[in-house]
Amino acid sequence: MKLKKEFIVHNVGDETLLVPTAEAGFHGLVQGNKTVDTILNCLAEDTTEEKILLALKDKYDGDEADMRADIADVIAKLRSIGAIDE
């Protein structure tokens, strides 16, 4: 899976924005924190939830179960707006 090319990641300070282009079926902005930024950066290339988990574990200390839940939540939201290319 990877982020569709119709979505652009934009960073403003500590905040990450996912901005749809005119070709995207979604109209609005998605705001996220540094964890979301890491997930989106992983999705710039074809990846898996396991690879995203490894990236989060390399960057942050935290509970693996919580990280897995965060990944699943973010990916579910991205799928719901049509931002994921399977």
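Worth knowing before you read on, the calculation uses all heavy atoms, side chains too, and leaves out hydrogens, waters and symmetry mates.
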Give every donor-acceptor pair under 3.5 Å between a side-chain atom in residues 1-13 and any protein atom, sequence neighbours left out.
residue	atom	partner	partner atom	Å
Lys4	NZ	Gly82	O	3.4
Asn11	OD1	Thr16	OG1	2.9

Evaluation steps, side chain to side chain donor-acceptor pair (under 3.5 Å), between Thr21 and Glu23: CA-CA 5 Å; Thr21 64; Glu23 292 82 31; 3.1 Å; yes
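- Counting non-hydrogen atoms of other residues, nucleotides and ligands closer than 6.0 Å to CG of Asp14 gives a total of 12 or fewer.
- The CG atom of Asn33 sits 8.0 Å away from atom CG of Asp70, with the distance rounded to the nearest 0.5 Å.
- Take Glu45 and apply the salt bridge (Lys or Arg N to Asp or Glu O under 4.0 Å) test, not counting sequence neighbours, and it matches no residue.
- Counting heavy atoms from C-beta on, the side chains of Leu40 and Val74 never come closer than 4.5 Å.
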Donor-acceptor pairs under 3.5 angstrom involving side-chain atoms of residues 51-61: please list them, not counting sequence neighbours.
residue	atom	partner	partner atom	Å
Lys57	NZ	Glu64	OE1	2.9
Lys59	NZ	Thr38	OG1	3.4
Tyr60	OH	Lys34	O	3.3

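- Side-chain atoms of Asn41 come within 3.5 Å of backbone N or O of Asp37 as a donor-acceptor pair.
- For the pair Lys77 and Val30, the minimum side-chain heavy-atom distance is 4.5 Å or more.
- In this structure, Cys42 and Thr47 approach most closely via the heavy-atom pair O-CG2, 3.5 Å.
- A chain of hydrophobic side-chain contacts below 4.5 Å, direct or via other Ile, Leu, Val, Met, Phe, Trp or Tyr residues, connects Leu43 to Ile81.
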